[in-house]
Amino acid sequence: MKEHWLDEFVDLVLEKTKEHVVASGTSISGSAHVGNVADPLYAHAIAAEIRKRGGRAEALWIADDMDPLDSVPPPIPREFSKYLGMPYVDIPDPYRCCRSWAEHFTKEFLDAIEKLGLEIKYLSGASMYRDGTYLPWIKIAIERAERIRDILLRVSGTLKPSDWLPYMPVCENCGRVGTTYAYSFQGDRVLYRCDLDVGYAKGCGHRGERDIKEGRGKLQWRVEWAARWAALNVTIEPFGKEHAAAGGSYDTSKLIVKEVFGREPPIPLTYEHVMIGGRKMSKSRGNVFTPSQWFEVAPPQTLKFFLFRVHPMRHKDFRVEDLPNLVAEYERAERIYYGFEELQDAKLTSLARRNYELSQIGEPSPVMPIQLPYDFAVVLVQLYPNMDVKRLLEVLRLTGHLWREPSPEDLERLLTRLRHASTWVEKYAPESVKIKLLDDPSAVRDKISEKQREALAKAAELLLEREWGPNELNNRFFELSRSLGLAPSEFFEAAYLALVGRKSGPRLVNFIAAIGRERVAKHFLVAAGRGSALI
RNA sequence: GGGCCCGUAGCUCAGCACGGUAGAGCGCCCGGCUCUUAACCGGGUGGUCGCGGGUUCAAAUCCCGCCGGGCCCGCCA
């Protein structure tokens with residue numbers, strides 16, 4: 001039986017030991033995009049699966065909030081460039097609702113984590129510097145700076161000066177952490193000068209000293225990562241491929257934790273990034289898609305599904321225009337999970353089931369939810385912008401989607417689907433799925449018979465005559481067709497051609513009510529060759 | 001300079017760890033459907049599995065080498 005990649009990975013880690021700490025971490029450089037949730041998502045899923053199999057495991061998510069700001073992402077005002085080089089915890093919240101930049105974006109991220117139902121322990125890098133978690137490891141790192149320098153040279157070819165220390169104090173004068181250079185220490189006090197030019201920021205020239213016990217400084221990234229593993233006993237860590245390149249930060253930190261801190265490095269799970277429309281997500285290019293944007297158009301389960309269904313090492317490409325397809329695939333997996341559908345290949349059936357299960361928040365419900373296909377919802381919201389529950393249920397019954405009495409949860413899901421579809425249509429839908437009237441139906445004239453043209457002209461007269469009730473109008477259409485010796489189907493066909501250029505469409509009288517009888521009448525007249533093309 | 005991923009139907013992709021008749025969805029074509037037709041329901045069309053070698057009775061799948069595309073590292077995190 002083919003196993004899901006997650007189960008294979010857990011097989012592997014359980015061979016080593018039954019007790020695990022799964023760490024994940026994210027830089028708090030601004031609003032997170034959908035790709036950023038992969039890190040804690042994988043961490044949570046791994047820990048949960050280990051527990052399910054009788055092991056012990058905890059998942060962690062660490063906000064890298066002591067890192068320096070190295071660029072100001074677009075929606076945030078230019079003035080913020082004065083904070084470049086300062087740690088996120090010391091920068092004000094651009095949106096002014098939280099105490100700091102770090103707090104604001106951490107909250108945003110935690111909100112996504114919660115919506116995805118991830119049980120994961122939140123830790124702040126800055127807090128860990130302040131509360132002494134890192135302290136013993138900072139001491140060791142400073143004392144064995146030479147050994148670390150040697151590893152950096154050996155693994156990544158980076159040559160650091162001989163007085164270099166892997167610690168970066170926050171400058172007392174300018175508050176920057178990215179521009180300080182520590183060159184000496186006495187006990188817990190580190191001597192530094194703030195004179196580095198790191199491209200995005202320049203040091204102020206100040207010289208000073210810092211006590212590492214204050215927690216006003218940080219370790220260099222690769223050393224910090226190793227210290228984190230040592231301090232928190234991390235045994236597993238998912239991370240993006242930027243860390244996985246040969247000579248990259250995993251290679252370096254792996255040696256540091258072994259040779260300097262005397263601990264075993266975690267088992268890595270590296271993953272390829274999420275692309276958007278075939279390109280990398282880039283804040284400066286403005287093509288990012290955030291979890292909250294996702295939750296506006298589709299449920300959190302579908303984001304989990306998107307990330308779980310392919311192996312982490314394969315890159316995932318997200319296209320908002322394709323969202324209805326993704327949701328359809330998710331709901332197909334749902335039908336498979338509940339045994340309503342089966343794939344020819346038993347392996348694929350079991351994978352679909354597993355993907356569905358992993359995408360759930362908590363336990364899957366005992367009965368299959370009532371489904372309203374996304375693309376169908378897209379049609380519905382365009383025809384009936386303010387559809388109520390009663391009408392919705394009537395439609396579902398008519399179209400065979402209602403196979404049992406809906407529960408309150410079903411109703412909520414159905415209404416959510418309508419809301420999502422409507423947002424999607426408004427913000428992202430390609431023109432091709434938008435239901436709209438033909439700009440110029442005059443070409444229809446040559447595609448239909450003289451009788452059909454006559455029927456359209458008469459129907460237009462009816463419409464212009466007065467307002468009709470739906471049933472009344474419907475009956476009129478049938479009478480009209482028959483009186484001309486025309487099969488009603490031929491009339492309907494012509495009507496849809498005149499309106500949307502297709503032979504079929506939504507129930508005609510309702511469609512007319514949605515569009516407005518006068519506009520419809522004009523279309524009918526033009527298609528019948530009885531009116532001007534100017535609509 | 002180094003690393004990872006991708007290349008399979010017109011499009012989007014599954015299948016590849018462990019070789020055994022090339023798959024799905026969309027599109028396209030054809031046919032149905034009317035006191036109902038909420039773009040529905042049938043059926044069909046579709047492929048040098050990027051290229052070249054190798055291993056094998058047998059390769060989309062394993063190995064080597066190319067080509068094309070994407071991303072990452074070699075600053076900082």
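We name chains A, B, ... by the order of the sequence lines, and we start the count at 1 in each one. Any value given below was found using the heavy atoms of this structure, including those in side chains, with hydrogens, waters and symmetry copies removed.
For the C1' atoms, the distance linking G19(B) with U56(B) amounts to 9 Å, nearest Å. Comparing the C1' positions of G25(B) and C72(B) gives a spacing of 32 Å, expressed to the nearest Å. Using C1' as the reference atom, A9(B) and A24(B) are 11 Å apart when rounded to the nearest Å. Going from the C1' atom of A38(B) to that of G23(B) covers 32 Å, rounded to whole Å. Across the C1' atoms, G69(B) and U8(B) are found 16 Å apart, a figure rounded to whole Å. Straight-line distance between the C1' atoms of C49(B) and C40(B): roughly 35 Å, to the nearest whole Å. On the C1' atoms, A58(B) is 42 Å away from C41(B), given to the nearest whole Å. Atom C1' of U61(B) sits at a distance of 11 Å from the matching atom of G20(B), rounded to the whole Å.
Here Asp67(A) lies in heavy-atom contact (under 4.0 Å) with sugar-phosphate atoms only. When heavy atoms are screened at a 4.0 angstrom cut-off, Gln220(A) is found touching the sugar-phosphate backbone but no base atom. Contact annotation for Tyr200(A): backbone-only contact, meaning every heavy-atom pair under 4.0 Å involves sugar-phosphate atoms and none involves a base. Counting non-hydrogen atoms under 4.0 angstrom, Val198(A) reaches nothing in the nucleic acid. Met168(A) comes within 4.0 angstrom of the backbone, heavy atoms only, and of no base. No contact: Lys316(A) has no heavy atom under 4.0 Å from any strand.
Applying the 90° criterion around 0 to the glycosidic angle, A24(B) comes out anti.
Using a 4.0 Å cut-off between charged side-chain N and carboxylate O, Asp67(A) and Lys218(A) make a salt bridge. Salt bridge present: Arg228(A) and Asp64(A) bring a charged side-chain N and a carboxylate O closer than 4.0 Å. Using a cutoff of 4.0 Å between basic side-chain nitrogens and carboxylate oxygens, Glu8(A) and Arg354(A) are not scored as salt-bridged.
Side chains of Glu331(A) and Tyr356(A): no donor on one and acceptor on the other come within 3.5 Å. No side-chain donor from either of Glu272(A) and His311(A) sits under 3.5 Å from a side-chain acceptor of the other. Defined by atom type and a distance below 3.5 Å, a donor-acceptor pair is missing between the side-chain atoms of Glu490(A) and Ser481(A).
As rounded to whole Å, 13 Å separates atom C1' of G31(B) from atom CD of Glu493(A). The interatomic distance linking Met275(A) (CE) with C13(B) (C1') rounds to 16 Å, in whole Å. One interatomic measurement links the two molecules: CZ of Arg176(A) to C1' of C76(B), which rounds to 15 Å at whole-angstrom precision. Rounded to whole angstrom, the span from the CG atom of Leu196(A) across to the P atom of A77(B) amounts to 11 Å. Summarising the geometry, the separation between CG on Asn325(A) and P on C11(B) is reported as 16 Å, rounded to the nearest angstrom. Rounded to an integer number of Å, the gap from Tyr250(A) OH to C73(B) P is 18 Å. Residue Arg319(A) contributes atom CZ, which lies 15 Å from atom C1' of G25(B) at whole-angstrom precision. If you take NE2 of His273(A) and P of A77(B), they are 17 Å apart, rounded to a whole angstrom.
The side chain of Phe376(A) lies closest to A38(B), out of C35(B), A38(B), C13(B).
Comparing Phe477(A) and Arg332(A) by the nucleotide of RNA chain B that holds the closest heavy atom to each, the one mapping nearer the 5' end is Arg332(A). Nearest-nucleotide assignment on RNA chain B puts the 5′-proximal partner with Leu508(A), out of Leu508(A) and Glu224(A).
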Item to check | Derivation of the salt bridge (Lys or Arg N to Asp or Glu O under 4.0 Å) call for Asp163(A) and Arg149(A) | outcome: CA-CA 10 Å; Asp163(A) 60 356; Arg149(A) 229 166 46 223; over 6 Å; no
Checklist entry - How is the base pairing of RNA chain B summarised as a dot-bracket string, given the Watson-Crick and G-U wobble criteria with both distances under 3.5 Å, [ ] for crossing and | for another strand? => result ((((((((.[[[[.)....(..]]]].(((((.......))))).....[[[[[..)....]]]]])))))))....
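Each of Phe261(A), Phe239(A), Trp137(A), Tyr134(A) was scored for a ring pair (Phe, Tyr, Trp, His ring centres under 6.0 Å) with Trp225(A), with one residue passing: Phe239(A). No option in Tyr374(A), Tyr330(A), Trp294(A) other than Trp294(A) meets the side chain to side chain donor-acceptor pair (under 3.5 Å) test with Thr302(A). With Tyr428(A) as reference, Val297(A) is the one residue of Asp322(A), Val297(A), Leu323(A) to meet the side chain to side chain contact (heavy atoms under 4.5 Å, CB included) rule.
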What protein N or O atoms touch nucleotides 3-5 of chain B N or O atoms at under 3.5 angstrom, if any, and at what distances?
from	atom 1	to	atom 2	distance (Å)
C4(B)	O2'	Glu272(A)	OE2	3.1
C4(B)	O2	Lys241(A)	NZ	3.2
C4(B)	O2	Glu272(A)	OE2	3.1
C5(B)	O4'	Glu272(A)	OE2	2.9
C5(B)	O2'	His315(A)	ND1	3.4

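Taking Leu415(A) as the reference, Val389(A), Leu392(A), Leu418(A) meet the side chain to side chain contact (heavy atoms under 4.5 Å, CB included) condition, with sequence neighbours excluded.
Between Arg222(A) and G74(B), a side-chain N or O to OP1/OP2 separation shorter than 4.0 Å is present.
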